[in-house]
Amino acid sequence: MRLLRPAALALAALAAAVPARSAVNVMTSTEDLADLTLQVGGDKVKVESIARGYQDPHFVEAKPSFILKLAKADLLVVVGRELEIGWLPPLVQQSRNAKIQPGADGYLDASLTAKILEIPTGQITRAMGDVHPQGNPHYHLDPGNGRRIAKAIADKLSAMAPADAPYFASRYADFDRRLAEAEKRWDAMMAPYKGLKVVTYHRSWPNFTDRFGLNVIGYVEPRPGIPPSPQHTIDLIAEMKRQNVKILIVEPYFDLKTPNSIGRETGAQVVVLPPSVGGEKEITDYIKLFDYDLDLLVKAIKETGAK
Ligand SMILES: [Zn+2]
């Protein structure tokens, strides 16, 4: 066996004492969370989402390839409120990564510091097919919650990599400033349409409609996660006619057959709005998501002459 000379030994000892600081390896359940992680983490994080923004986030294929990626993660950021209950837990368990198991330091439930709407009272059951048993999990669609999520991620990254805490704090401050500027623009766009009545397919939009002053009077789904039924559709059409609703918002992963027939019966315009980053190729980040959706919505409102 060859012995290392003293100079080489000294160099090896030095290298061991000053390891190159590596980026925090982050996995997220959705692309919205991946972008918010990137906004505050910059080049000090490596981040990948499991779900793609064009998929229904309640029903994502649990590809085994993600088990290996989760095995190497330092941090897992999830939406929570049981959004991912159908697909994420087996992947996390099978990763055998103690750092990212629920309750561990490397597991961040973004809903814990967000404003959550539609929290059920009384008996909570999934028997009726309700996929929102712990409140509405689509809370990232309020920019105020985007800010809260970004702050929670920045705090978590700072705890995990304290030497980079000033970096994460300044990235968060920059995101906060850019988001506030964008919110002024969005508020001005939506100001003429306060109280406008709309119908949505799934209950993806309560945080969005609350924030931008729209009034949701019904849903194409009879309950969250339950496909449209003929009787419910007939009732919805009657109600839309009665209240003169001209905007029907549909998430891109739902079949357009029922929405289109509702549109024909009522004269409402069917507006396909992606609810997530990555839902369309132009929607490359969190701020562009609102730019894209609000542009499309305002265009449709103007076309229908809805008030
Ligand atoms: Zn949902």
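Each ligand, and each atom within it, is numbered from 1 in the order the structure gives. Nothing here was measured: the structure is a model prediction, and the numbers come from that model.
A salt bridge between K288 and D295 is absent, with no side-chain N of the basic residue lying under 4.0 Å from a carboxylate O of the acidic one. For K99 and D105, the salt-bridge test fails: no basic side-chain N is under 4.0 Å from an acidic carboxylate O.
When the shell of 6.0 Å around NZ of K194 is examined, it contains more than 12 heavy atoms from other residues, nucleotides or ligands.
Judged by distance alone, the side chains of D43 and Y167 do bring a donor and an acceptor atom under 3.5 Å apart.
Applying the side-chain hydrogen bond (donor to acceptor under 3.5 Å, both in side chains) rule to pairs touching residues 257-269 yields Q269-E303, sequence neighbours excluded.
Around the Zn ion (ligand 1), the protein contributes the following N, O or S atoms under 2.8 Å, ordered by chain and number: H58 NE2, H132 NE2, H138 NE2, H202 NE2.
In this structure, F168 has its ring center no closer than 6.0 Å to that of Y172.
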